[in-house]
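In what follows, a single structure is set out as structure tokens and then discussed.
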Amino acid sequence: MSSHDSILRVGMVGYAFMGAAHSQAWRTVNRVFDLPARVRMALVCGRDEPKVAEAADRLGWDGYTTDWRRLVESDEIDVVDICTPGDSHREIALAALAAGKHVLCEKPLANSVAEAREMTEAAARARESGVRAMCGFNYRRVPAVALMRQLVADGRIGEIRHVRATYLQDWIVDPQFPLVWRLQKDRAGSGALGDIGAHIIDLTQYVTGQLVTGVSALTETFVRQRPLVAGSSGLAAQADGNGSATGQVTVDDAAVFVARLDGGALATYEATRFATGRKNALRVEINGSRGSVVFDLERLNELEFLDATRPAAEQGFSRILVTEPDHPYLGAWWPPGHIIGYEHSFTHQARDFVEAVATGADPAPSFADALQVQLVLDAVTRSAERAAWTEVEPALAEASA
Ligand SMILES: NC(=O)c1ccc[n+]([C@@H]2O[C@H](COP(=O)([O-])OP(=O)(O)OC[C@H]3O[C@@H](n4cnc5c(N)ncnc54)[C@H](O)[C@@H]3O)[C@@H](O)[C@H]2O)c1
């Protein structure tokens with residue numbers, strides 16, 4: 001923390017989808033959780049002045065700037081929150097860490113292993129002077145996911161044999177959907193793989209405590225030419241109306257892979273933007289020697305649990321309603337049964353980050369953890385290119401699930 005003891009002044013770069021989700025979290029976190037520091041939403045950055053001015057007002061930021069370097073170097077900022085596409089994560093994070101700012105960076109950490117490694121090394125150096133860095137894998141903070149991890153850690157699932165993870169979307173099934181930044185390799189690094197595949201890689205490793213060691217993958221780009229984009233570049237973008245102007249899609253539309261985890265489990269992963277009818281369907285199932293557990297984001301207040309140690313006649317999947325005050329994060333929210341939603345995962349992420357920074361603890365997932373996810377993404381890409389089993393390059397020593 002800075003000399004401004006109990007105030008953490010946040011500067012956020014990017015104010016669209018994730019910018020809005022993070023703003024909501026920064027605004028809410030001290031109202032719900034009792035924390036050793038208070039957040040001040042000091043500065044937001046975007047490149048278009050009228051738009052960033054409007055966003056600052058709407059999202060609740062004290063001020064705005066059109067130059068992220070100004071934000072990063074400002075003496076009025078303690079934390080830099082990076083909510084931009086992957087092609088700018090490295091540059092902004094390195095500058096922020098060099099300026100002694102704590103960094104929260106959206107996932108995937110970077111567009112390549114080389115960038116992620118450089119960022120991880122910079123974070124390790126900055127840590128020596130008390131600077132903290134974390135990557136935003138927010139699904140870890142869904143209470144049912146955190147409970148799933150606890151059940152595994154407590155041995156209730158036993159020895160894990162199978163991990164089955166899917167993250168399914170359908171927002172680009174229409175070939176007329178335009179060429180937004182997420183479909184360009186130089187901006188996004190990869191397609192469904194890095195965007196949503198990264199989430200299920202992190203989530204399964206977090207829940208099981210096991211790391212992916214090798215993969216065999218297939219990737220596909222079903223629609224290779226798309227209309228050039230007009231206006232918004234987000235998930236609800238529209239084509240520019242000039243039917244003849246198209247550009248090349250340079251990322252995967254879908255990635256499927258099998259994997260081995262270092263604790264002996266076999267895993268399957270599917271990440272696609274072509275699962276017609278599936279909007280944001282993230283599901284993870286784990287089967288072990290003593291039981292099974294299932295998380296489905298479309299029912300995020302629930303966890304399905306089967307206890308195989310019970311008499312066979314009484315066995316069956318039970319639905320745990322994850323809203324008890326003893327469940328992770330939920331003591332601060334509503335009475336039991338009063339459910340929460342997507343946005344709460346970001347408030348919980350802000351809670352964990354603020355607490356770590358204010359108490360001088362290491363937040364998780366660290367940049368080293370996110371580098372390890374990047375190494376898995378890289379192995380998947382190489383495996384698909386070579387049509388061969390591919391080992392994941394070992395991460396730095398401090399990476400942990
Ligand atoms: N954790 C999650 O569940 C989740 C969900 C969606 C996106 N993401 C990640 O968040 C990041 C942003 O994605 P998004 O969906 O919010 O994208 P978006 O297109 O909705 O917003 C990107 C924002 O970055 C701004 N921007 C781009 N380049 C900039 C620059 N050089 N300087 C200043 N501002 C710049 C844009 O103006 C826009 O405000 C990506 O890394 C993405 O992978 C994470």
Side-chain angles (χ1 to χ4, degrees), residues 11-25 43-56 58-59 61 64-72 80-93 95-96 103-112 115-116 119 134-142 145 167 169 171 178-184 186-203 229 231-237 251 271 273 279-280 282 297 300 341-350 353 365 370 373-374 377:
M12 185 179 78
V13 191
Y15 54 81
F17 181 19
M18 278 307 102
H22 285 217
S23 298
Q24 177 102 329
L43 203 54
V44 61
C45 172
R47 292 159 298 178
D48 180 305
E49 182 155 5
K51 286 186 182 165
V52 71
E54 184 278 326
R58 177 170 43 86
L59 299 173
W61 294 87
Y64 65 84
T65 174
T66 54
D67 179 3
W68 65 259
R69 289 190 184 279
R70 226 203 101 220
L71 180 148
V72 158
V80 174
D81 181 11
I82 303 172
C83 292
T84 56
D87 60 341
S88 52
H89 289 186
R90 172 192 162 276
E91 202 180 9
I92 299 171
V103 176
L104 171 59
C105 182
E106 259 304 339
K107 50 51 59 181
L109 184 60
N111 278 0
S112 69
E115 289 177 355
M119 293 164 75
M134 185 173 107
C135 187
F137 284 108
N138 60 301
Y139 291 124
R140 288 184 175 209
R141 270 83 189 191
V142 173
V145 170
Y167 198 160
Q169 300 183 337
W171 56 279
L179 193 64
V180 297
W181 68 262
R182 278 184 164 81
L183 306 182
Q184 299 166 32
D186 57 340
R187 304 228 46 212
S190 65
L193 175 61
D195 190 16
I196 53 179
H199 271 302
I200 46 175
I201 294 166
D202 179 71
L203 202 152
V229 71
S232 160
S233 64
L235 297 175
V251 299
R273 295 164 168 167
K279 303 302 169 188
N280 195 46
L282 186 168
L297 183 65
L300 69 75
Y342 173 70
E343 71 200 49
H344 296 73
S345 65
F346 295 96
T347 308
H348 300 163
Q349 175 171 278
F353 184 74
V373 172
Q374 205 86 37
L377 299 176

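Order of appearance sets the numbers: ligands from 1, and atoms from 1 within every ligand.
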Where Gln374 and Ala110 come nearest, the two heavy atoms and their spacing: NE2-O, 2.8 Å
Can you tell me which residue pairs pass the salt bridge (charged side-chain N to carboxylate O under 4.0 Å, His left out) test with a partner in residues 189-198, sequence neighbours excluded? Lys107-Asp195, Arg182-Asp195, Asp195-Arg273
d(Tyr342 OH, Asn138 CG) to nearest 0.5 Å is 5.5 Å
According to the interplanar angle, ranging from 0 to 90°, do the rings of Tyr139 and Tyr167 count as parallel (below 30°), tilted (30 to 60°) or perpendicular (above 60°)? perpendicular
Among Asp48, Asp67, Asn138, whose heavy atom sits nearest atom 2 (C) of ligand 1? Asn138
Between the side chain of Asn280 and the main-chain N/O of Gln169, is any donor-acceptor distance below 3.5 Å? no
Taking every non-hydrogen atom, the tightest pair across Val229 and Leu179: CB-O, 4.0 Å
For Val13, the ligand 1 atoms with a heavy-atom partner under 4.0 Å come out as 33 (C)
Examine ligand 1 and decide if any of its atoms is less than 4.0 Å from a heavy atom belonging to His89. yes
Pro108: numbered ligand 1 atoms lying under 4.0 Å from its heavy atoms: 43 (O)
Test of understanding: given a 4.0 Å heavy-atom threshold, classify the contact between Ala21 and ligand 1 as side chain, backbone, both, or neither. neither
Where ligand 1 meets Pro85 - atom numbers and elements under 4.0 angstrom, heavy-atom basis: 22 (C), 24 (O), 27 (C)
If you apply the rule side-chain contact (heavy atoms from CB on, under 4.5 Å), what do you find for Tyr15 with Ser23, and how did you get there? CA-CA 8 Å; Tyr15 54 81; Ser23 298; over 6 Å; no
Relative to ligand 1, is Phe137 under 4.0 angstrom through side chain, backbone, both or neither, heavy atoms considered? neither
Can an N or O of Phe346 be found at a distance shorter than 3.5 Å from an N or O of ligand 1? no
Just how far is it from atom CZ of Phe353 to atom CG of Asp81, taken to the nearest 0.5 Å? 8.0 Å
Nearest heavy atom to atom 7 (C) of ligand 1: which of Lys107, Glu106, Arg182 does it belong to? Arg182
Under 3.5 Å between some N or O of ligand 1 and some N or O of Met18? yes
Ligand 1 N/O within reach of Tyr139 N/O, cut-off under 3.5 Å: no
When only distance counts, is His199 in polar contact with ligand 1, meaning an N/O pair under 3.5 Å? yes
With a cut-off of 4.0 Å, which atoms of ligand 1 are near a heavy atom of Cys83? 12 (C), 22 (C), 23 (C), 24 (O)
Taken to the nearest 0.5 Å, the spacing of Ile82 CD1 from His22 NE2 works out to 10.5 Å
Any N or O of Ser88 closer than 3.5 Å to N or O of ligand 1: no
Those residues that, when tested against Asp186, pass side chain to side chain contact (heavy atoms under 4.5 Å, CB included) (two or more places apart): Gln184
Exam field: side chain His89 to backbone Thr84, donor-acceptor pair closer than 3.5 Å: yes
Subset of ligand 1 atoms that lie under 4.0 Å from at least one heavy atom of Gly136: 1 (N)
Against heavy atoms of Gly14, which atoms of ligand 1 measure under 4.0 Å? 23 (C), 24 (O), 25 (C), 39 (O)
Filtering Val180, Asp87, Thr84, Leu109 for the heavy atom nearest atom 35 (C) of ligand 1 leaves Thr84
